Each structure stands twice: as structure tokens, then as C-alpha cells.
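Below is one structure, written out as C-alpha cells, with a few remarks after it.
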Amino acid sequence: MNIILLGPPGAGKGTQARHLVDGRGMTQLSTGDMLREAKDSGTEMGQVVADVMAKGELVTDEIVIGLIREKLQGEKTAGFIFDGFPRTLAQADALGALLAEQGESLDAVIEMRVDDEALVERITARSTCGNCGEVYNDKTKPIPADGVCSNCGEKAEFKRRADDNAESLKQRLMEYYKKTSPLLGYYYAKGQLERVDGLGDISEVQSAIAGVLDATAS
Ligand code: AP5
Ligand code: MG
């Protein structure tokens with residue numbers, strides 16, 4: 001089963017994708033994580049995208065489509081979770097074509113709905129385990145007092161993202177509404193759009209997504 005988690009910055013895409021990886025053996029394809037990895041490892045592409053990402057703008061379609069193309073050619077698993085991709089209509093068309101080339105298709109697009117006020121609160125309180133990428137939140141999922149990540153069991157450095165500040169977040173939201181929200185109509189017209197309330201707590205959202213996936217599979 002191949003699915004897209006679609007939603008604005010802070011909607012909980014990464015958090016829920018990790019649950020699906022653990023629970024269903026699916027593979028998370030987060031273009032944001034891939035770009036941050038490229039940035040941290042200092043590749044030429046990483047240097048090109050660093051500034052764009054820090055400002056909260058979108059990197060070019062060509063770069064992200066290239067990243068996804070490479071991953072889709074890898075080993076087959078229980079399915080892909082596209083997290084933060086596609087983000088433009090051109091990326092959505094490209095994804096359809098790439099999946100078809102592999103003899104695959106898209107099973108569901110899940111919109112995670114969260115109001116803007118909650119997004120700002122979530123993003124400004126977020127941190128991530130530098131070792132395994134587990135996502136924490138100062139209010140809803142605090143870093144353990146002993147500094148040991150509850151997921152990987154390592155005493156890790158917990159990082160804040162360079163684009164998790166008020167200025168960049170404003171731009172990221174703008175990009176979402178201008179360039180990504182048209183995908184809701186695109187997938188609705190294809191009969192693939194499902195919606196979940198992303199405002200509940202993490203386990204409630206997890207159950208709602210499981211409900212959509214189970215209904216799609218049956
Ligand atoms: P990306 O990394 O994809 O960031 P984003 O879309 O802005 O989304 P986030 O990762 O910030 O939020 P999330 O929905 O994953 O939420 P999370 O689970 O962490 O992209 C970053 C940048 O890369 C872009 O701005 C762009 O420059 C570039 N880029 C990436 N893909 C691209 C593409 N396809 N095309 C062009 N450019 C691209 O949760 C957030 C916080 O909330 C956490 O603290 C979490 O613990 C908490 N939380 C989660 N769920 C809940 C809940 N239910 N209740 C309470 N708290 C919760
Ligand atoms: Mg994310």
C-alpha cells in the first residue's frame with residue numbers, strides 16, 4: 001500500500017509516518033529528511049538547498065523528484081509513506097508517473113487537518129533526537145529527563161530545526177497554502193482524498209489513520 005500524508009508544517013506527518021513504519025513495516029519517504037541529510041553531509045546539493053530551506057521556501061521540483069525517483073528504485077517493502085512529497089502539482093504528476101513505471105499505484109492520500117494556531121505551537125516546541133530522528137515536543141512529548149531517547153535508548157543530542165522559527169514558519173505556511181493545498185482538489189478529483197482530524201492527541205490521530213488504511217485495504 002502506498003500513501004501520501006498531506007498537511008501543513010507541524011500537522012504531524014513525520015510523527016504518524018514513524019508509527020506506520022513501526023506498526024506496518026512501511027517505508028517512510030520524507031523529502032524534508034532527505035534534504036536535511038544532504039545538508040548535514042555537506043554534499044553540493046545540500047549546500048544549494050540549505051539556504052532555501054532555512055527561509056522556508058520550496059526547493060526545486062527537479063531536486064525532490066530526483067530524490068524520490070532514486071528511492072522508488074530501491075527494495076520493495078510493505079509500501080511507501082510519502083511524507084512532505086508531493087508539494088506541487090508538478091511533483092504530484094511526477095509521482096504518478098514514477099509509481100506507474102514501477103508497476104505501483106497510490107492507494108490513499110490522507111489530509112491531516114490542523115488549525116494554524118496549533119501548528120505554530122507545535123513547531124516552536126519541537127525537537128528531534130540527533131541519533132534516530134524521534135520527534136519530541138516540549139509540551140506534548142517532552143525529552144526524557146535523563147536525556148536518553150525513548151526510541152533508540154541512546155543519550156543523544158536533541159536538535160531544533162533551523163527552519164523552526166516564527167519567520168520561516170510564516171513562509172512555510174504561505175508556501176503550503178499557495179503551492180501544496182491545490183493538491184487537495186487534485187486528489188479529491190481522482191477519488192483518492194481522505195481526511196483525518198490532526199488536532200487530537202497523537203494516539204487518536206494514529207487510530208484515525210489506521211481506520212482509513214484498513215478501510216482502503218478491504
Ligand atoms: P519538511 O521536513 O517536510 O517539513 P514540513 O512539511 O514543514 O513539516 P514538518 O516536518 O515541520 O511537520 P510534520 O507534519 O512532519 O510534523 P511533526 O510530526 O514533526 O520540509 C522542510 C523543508 O524542506 C521545506 O520547507 C522545503 O524547504 C523543503 N522540502 C521538503 N520537501 C519538499 C518538497 N517535496 N518540495 C520542495 N521542497 C521541499 O510534528 C510537529 C510537532 O508536533 C512535534 O513536536 C510533534 O511531537 C508534535 N505533534 C505531532 N502530532 C501531534 C499531535 N497529534 N498532538 C500534539 N502534538 C503533536
Ligand atoms: Mg516532518
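None of these values were measured; they are calculated from a predicted model. FYI, the numbering just counts along the sequence from 1.
- With sequence neighbours excluded, the residues that form a side-chain contact (heavy atoms from CB on, under 4.5 Å) with L98 are I65, I68, R69, L72, E101.
- Of all the heavy atoms in L5 and A17, the pair that sits closest is CD1-N, 3.9 Å.
- When every heavy atom of Q91 is checked against every heavy atom of F85, the shortest pair comes out as OE1-CD1, 3.3 Å.
- Side-chain contact between I63 and V49: present, with at least one pair of heavy atoms (C-beta onward) separated by less than 4.5 Å.
- Not counting sequence neighbours, Y177 has no partner by the ring pair (Phe, Tyr, Trp, His ring centres under 6.0 Å) test.
- Within the 3.5 Å criterion, the main-chain N or O of G133 finds no donor-acceptor partner in the side chain of T128.
- In this model, no donor atom of one side chain and acceptor atom of the other lie less than 3.5 Å apart for E154 and N131.
- Partners of D146 according to the side-chain hydrogen bond (donor to acceptor under 3.5 Å, both in side chains) rule, which considers only residues two or more places apart in sequence or in another chain, do not exist here.
- For the side chain to side chain contact (heavy atoms under 4.5 Å, CB included) with I81, the lone residue among R24, K13, M26, M1 that qualifies is M26.
- In this structure, E134 pairs ionically with K141, as a charged nitrogen and a carboxylate oxygen lie closer than 4.0 Å.
- The shortest distance between side-chain heavy atoms of V109 and L184 does not fall below 4.5 Å.
- Using a 4.5 Å cut-off on side-chain heavy atoms (C-beta onward), L99 and N2 make contact.
- Within the structure, salt bridge (charged side-chain N to carboxylate O under 4.0 Å, His left out) pairs that include any residue of residues 112-121 comprise E111-R113 (at least two apart or interchain).
- The side-chain heavy atoms of F82 and L95, taken from C-beta on, include a pair separated by under 4.5 Å.
- Identified under the side-chain hydrogen bond (donor to acceptor under 3.5 Å, both in side chains) test for residues 37-57, with sequence neighbours left out: none.
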field: Steps toward side-chain contact (heavy atoms from CB on, under 4.5 Å) verdict (Q16, D83)
entry: CA-CA 9 Å; Q16 295 299 332; D83 161 6; over 6 Å; no

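- Checking side-chain atoms of S168 against main-chain N and O of D164 turns up no donor-acceptor pair under 3.5 Å.
- Without hydrogens or angle criteria, T27 side chain to T77 main chain gives no donor-acceptor distance under 3.5 Å.
- The CD1 atom of I143 sits 3.5 Å away from the OG atom of S127 when rounded to the nearest 0.5 Å.
- Transitive grouping of hydrophobic side chains (ILVMFWY, heavy atoms separated by less than 4.5 Å) keeps L58 and M34 in distinct clusters.
- By the side-chain contact (heavy atoms from CB on, under 4.5 Å) test, A92 is found to be paired with P86, L183, Y186, Y187, residues two or more places apart in sequence or in another chain being considered.
- Each of V212, I3, L6 was compared with E194 under the side chain to side chain contact (heavy atoms under 4.5 Å, CB included) criterion, and only V212 meets it.
- Without hydrogens or angle criteria, T140 side chain to N137 main chain gives no donor-acceptor distance under 3.5 Å.
- The shortest side-chain heavy-atom distance between R87 and V64 does not fall under the 4.5 Å cut-off.
- Side chains of D107 and T216: no donor on one and acceptor on the other come within 3.5 Å.
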query: Can you list the steps and then say if K179 with M174 is a side-chain contact (heavy atoms from CB on, under 4.5 Å)?
result: CA-CA 8 Å; K179 298 176 184 163; M174 202 73 91; over 6 Å; no

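- For the pair R172 and P9, the tightest heavy-atom approach, listed with the atom from each and the gap, is NH2-CB, 3.6 Å.
- Cluster annotation: V59 is connected to M45 through the hydrophobic network of ILVMFWY side chains, with a link wherever side-chain heavy atoms come within less than 4.5 Å.
- At most 12 non-hydrogen atoms from other residues, nucleotides or ligands lie less than 6.0 angstrom from NZ of K71.
- Considering every non-hydrogen atom in both C132 and C149, the closest pair reads SG-SG, 3.7 Å.
- The nearest pair of heavy atoms linking L119 to L173 is CD1-CD2, 3.7 Å.
- You'll find the side chain of I4 stays beyond 4.5 Å of the side chain of Q192, heavy atoms only.
- For R160 (side chain) and R126 (main-chain N/O), a donor-acceptor pair under 3.5 Å exists by modelled atom type.
- A continuous path of Ile, Leu, Val, Met, Phe, Trp and Tyr side chains, each step under 4.5 Å between heavy atoms, connects L35 with F80, placing both in one hydrophobic cluster.
- In terms of heavy atoms, L199 sits closest to R122 at CA-NH2, 3.9 Å.
- Residues I202 and V114 do not share a hydrophobic cluster, clusters being chains of Ile/Leu/Val/Met/Phe/Trp/Tyr side chains in contact below 4.5 Å.
- Between I110 and I209, some side-chain heavy-atom pair lies under the 4.5 Å cut-off.
- By the 4.5 Å heavy-atom criterion applied to side chains, Q73 and Q102 are counted as neighbours.
- Taken together through direct or relayed side-chain contacts under 4.5 Å among Ile, Leu, Val, Met, Phe, Trp and Tyr, V135 and V196 form parts of separate hydrophobic clusters.
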task: Walk me through it: do L20 and Q28 pass the test side-chain contact (heavy atoms from CB on, under 4.5 Å)?
output: CA-CA 8 Å; L20 293 171; Q28 177 187 13; over 6 Å; no

